[in-house]
Asker: 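Let me give you the structure first, and then I'll get to my questions.
In listed order, ligands and their atoms are each counted from 1. We use all heavy atoms of the structure for the numbers below, so side chains are in, but hydrogens, waters and symmetry mates are not. Please read these numbers as outputs of a predicted model, since none were measured by experiment.
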Amino acid sequence: MSGARHGLAVERLSVAVRGRALVDGASWSAPAGQITALVGPNGAGKSTMLRAIAGVLPERATRAGAVLLDGARLDGLPARERARRIALVEQSTDAVPQLTAREAVRLGRTPHHRMLGFSLGDERLVEAALADAGATGLAERQLGELSGGELQRVHLARALAQRPAVGQPSALLLDEPTNHLDVAWQLELLALVRRLADDRPVVMTVHDLGLAATHADRVVLVDRGRVLAEGSPDAVLTAERIRSVYGVEATIDAAPDGVAIRYRRLTA
Ligand SMILES: Nc1ncnc2c1ncn2[C@@H]1O[C@H](COP(=O)(O)OP(=O)(O)OP(=O)(O)O)[C@@H](O)[C@H]1O
C-alpha cells in the first residue's frame with residue numbers, strides 16, 4: 001500500500017533509458033520509523049529506484065510517476081531542496097581520492113548553505129556524523145587510501161551530515177550498505193540504521209535475504225522493474241517466491257536471534 005502519510009511513498013514510478021524500461025510502474029511505501037529492505041535479483045532496478053527518488057538519474061533517463069515524503073511531492077523540487085530531504089548513500093560514488101574523510105563529510109552540508117557558507121553548527125554536525133558512523137578515527141585520512149568498509153562508513157557519515165534541522169521530514173536511502181563490511185561492522189551499521197530509522201523512513205537495498213528478514217520491518221521485492229510483493233519479511237520472503245524470482249530452492253529457518261536462509265540450486 002503506497003501513500004504513507006508519514007514516510008516515503010513511491011507511486012507508479014517508471015524510469016526508461018532510450019525506450020528501455022528500467023523501472024516499470026513501481027508503487028511502494030516506506031513508513032517513517034521503519035527499515036524497509038528493497039530486494040530483488042541483479043539488474044531488477046533497485047538502485048535505479050533509489051536514484052530516481054533522490055533525483056540523481058542520468059539526464060538521458062526519462063521518468064514518470066510521483067515520489068512523496070510525508071504526503072508532499074518531491075518531484076519538481078529544485079535539486080538542492082530535494083538533497084536537503086533525501087540522503088542517498090551509493091555503492092560507489094565519484095569521491096575525489098585526495099579529499100580527507102572530514103572534507104567529504106562536510107560536503108553533506110552543502111545543500112543547507114546559503115550566503116554564509118560553512119558554520120560552527122555545520123562543524124558540530126560533521127563531527128557528530130563522523131562519530132555516529134564510527135569514522136572519527138578516519139577523519140584525516142584521504143579517501144583514496146581507505147578500504148572498502150572504511151569508505152562505506154565515511155559515505156554514511158556524509159549522508160548523516162546531510163540531514164535537515166530537527167522536525168523537518170527526511171529520508172535515508174542506502175544502496176547495499178553492508179557491502180564491504182565485516183560481520184562486526186555489519187551489525188554496528190545495522191544498529192545505527194535502526195537508530196536512524198527512529199524518526200524517518202530508511203530504505204536499504206540488500207542481496208542477503210536472511211539479513212533483510214532479520215533486520216528490516218518491511219520488504220519490497222522487485223523484479224524486472226516491477227514490485228512483486230510488499231509487506232512484512234515473513235509474508236514477502238517465502239520459499240515459493242524465492243524460487244520463482246531467483247530460481248533457487250530456499251530453506252527458511254526463523255530463530256529468535258534472526259532468520260537464516262539456506263539455498264540450493266534447483267534440480268531438474
Ligand atoms: N545509466 C544507465 N543507462 C542504461 N541502463 C542502465 C543504467 N543504469 C542501470 N541500467 C540498467 O537498468 C537495469 C537496472 O539496474 P539497477 O542498477 O537499478 O539494478 P539493481 O537491482 O540495483 O541491480 P544490482 O543488484 O545488480 O545492483 C539493469 O538492466 C541495468 O543494466
Side-chain angles (χ1 to χ4, degrees), residues 2 8-30 35-67 74-75 79 82-83 86-95 148-149 151-152 155-156 159 171-181 186 189-190 193 201-216 218-231 233 236-238 241-248 250 261 263 265:
S2 61
L8 196 64
V10 175
E11 296 185 346
R12 293 181 297 282
L13 181 67
S14 292
V15 179
V17 173
R18 289 185 295 271
R20 180 173 165 246
L22 313 187
V23 177
D24 191 4
S27 296
W28 51 276
S29 61
I35 298 174
T36 299
L38 210 50
V39 303
N42 287 132
K46 305 178 297 292
S47 304
T48 304
M49 283 191 206
L50 294 192
R51 305 197 93 222
I53 294 167
V56 293
L57 286 173
E59 264 177 33
R60 62 182 188 283
T62 55
R63 50 155 293 167
V67 178
L74 290 176
D75 324 77
R82 193 185 272 232
I86 305 274
L88 169 65
V89 182
E90 299 206 75
Q91 298 172 58
S92 59
T93 62
D94 304 328
L151 204 50
Q152 191 77 312
H155 290 324
L156 182 66
L172 180 60
L173 312 178
L174 306 168
D175 200 356
E176 297 192 34
T178 51
N179 247 9
H180 301 297
L181 296 182
Q186 285 191 20
L189 176 117
L190 289 162
V193 167
V202 174
V203 181
M204 61 178 187
T205 69
V206 281
H207 280 296
D208 183 337
L209 302 181
L211 185 146
T214 302
H215 295 278
R218 284 165 62 75
V219 174
V220 178
L221 175 62
V222 180
D223 192 19
R224 294 175 218 182
R226 296 177 178 216
V227 174
L228 297 188
E230 172 182 19
V236 172
L237 296 173
T238 60
R241 266 211 200 90
I242 293 172
R243 189 185 314 117
S244 86
V245 173
Y246 292 89
V248 299
I261 307 184
Y263 306 96
R265 293 173 66 203

Asker: What part of Ala61, side chain, backbone, both or neither, has a heavy atom within less than 4.0 angstrom of ligand 1?
Answerer: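 It is neither part, as no heavy atom is under 4.0 Å.
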Asker: Arg12: which residues meet the salt bridge (charged side-chain N to carboxylate O under 4.0 Å, His left out) condition with it, sequence neighbours left out?
Answerer: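 Expected list: none.
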Asker: Considering the heavy atoms of Arg60, write down every atom of ligand 1 situated less than 4.0 Å from one of them.
Answerer: 1 (N), 2 (C), 3 (N)
Asker: Are more than 12 heavy atoms from other residues, nucleotides or ligands located less than 6.0 Å from atom CZ of Arg224?
Answerer: no
Asker: With heavy atoms only and a cut-off of under 4.0 Å, state how Arg20 meets ligand 1: side chain, backbone, both or neither.
Answerer: side chain
Asker: Does a side-chain heavy-atom distance below 4.5 Å link Glu230 with Ser29?
Answerer: yes
Asker: With a 3.5 Å cut-off and no angle check, do the side chains of His207 and Glu176 form a donor-acceptor pair?
Answerer: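 Yes, because at least one side-chain N or O of His207 sits under 3.5 Å from a partner of the opposite role on Glu176.
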Asker: Counting from 1, what ligand 1 atoms have a heavy atom of Ser47 closer than 4.0 Å?
Answerer: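 It comes down to these atoms of ligand 1: 17 (O), 18 (O), 20 (P), 22 (O).
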Asker: Side chains of His155 and Glu90: closer than 4.5 Å at any heavy-atom pair?
Answerer: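 No - every pair of side-chain heavy atoms lies 4.5 Å or more apart.
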Asker: Sequence neighbours excluded, which residues qualify as side-chain contact (heavy atoms from CB on, under 4.5 Å) partners of Arg63?
Answerer: Leu13, Val15, Ala52, Leu57, Val67, Asp75, Arg82
Asker: Under 4.0 Å from any heavy atom of Ala44, which atoms of ligand 1 are there?
Answerer: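 So the atoms of ligand 1 that pass are 19 (O), 20 (P), 21 (O).
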Asker: Is there side-chain contact between Met49 and Val222, with at least one heavy-atom pair below 4.5 Å?
Answerer: yes
Asker: Counting each atom of ligand 1 from 1 as listed, which ones have a heavy atom of Asn42 under 4.0 Å away?
Answerer: 23 (O), 24 (P), 25 (O), 26 (O)
Asker: Find out whether Thr178 and Asp208 are in side-chain contact, i.e. whether some heavy atom of one side chain is under 4.5 Å from a heavy atom of the other.
Answerer: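 Result no, sub-4.5 Å side-chain heavy-atom pair not found.
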Asker: Look only at interatomic distance and state if Gly43 has a nitrogen or oxygen under 3.5 Å from any nitrogen or oxygen of ligand 1.
Answerer: yes
Asker: Just wondering, do Leu189 and Met204 contact through their side chains at under 4.5 Å, heavy atoms?
Answerer: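 A side-chain contact is absent here, since even the closest heavy-atom pair is not under 4.5 Å.
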Asker: Can an N or O of Gly40 be found at a distance shorter than 3.5 Å from an N or O of ligand 1?
Answerer: no
Asker: Pull out every atom of ligand 1 sitting under 4.0 Å from any heavy atom of His207, numbered as shown with elements.
Answerer: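 Ligand 1 atoms under the 4.0 Å threshold to His207: 25 (O).
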Asker: Looking at ligand 1, does any of its N/O atoms fall within less than 3.5 Å of an N/O of Gly45?
Answerer: yes
Asker: Taking only heavy atoms of Pro41 into account, list the atoms of ligand 1 that are under 4.0 Å away from them.
Answerer: 21 (O)
Asker: Please determine if Arg18 has a nitrogen or oxygen closer than 3.5 Å to a nitrogen or oxygen of ligand 1.
Answerer: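 The answer is no, given that Arg18 and ligand 1 share no N or O pair closer than 3.5 Å.
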Asker: Atoms of ligand 1 less than 4.0 Å from Thr48 heavy atoms?
Answerer: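 This gives 14 (C), 15 (O), 16 (P), 18 (O) as the contact atoms.
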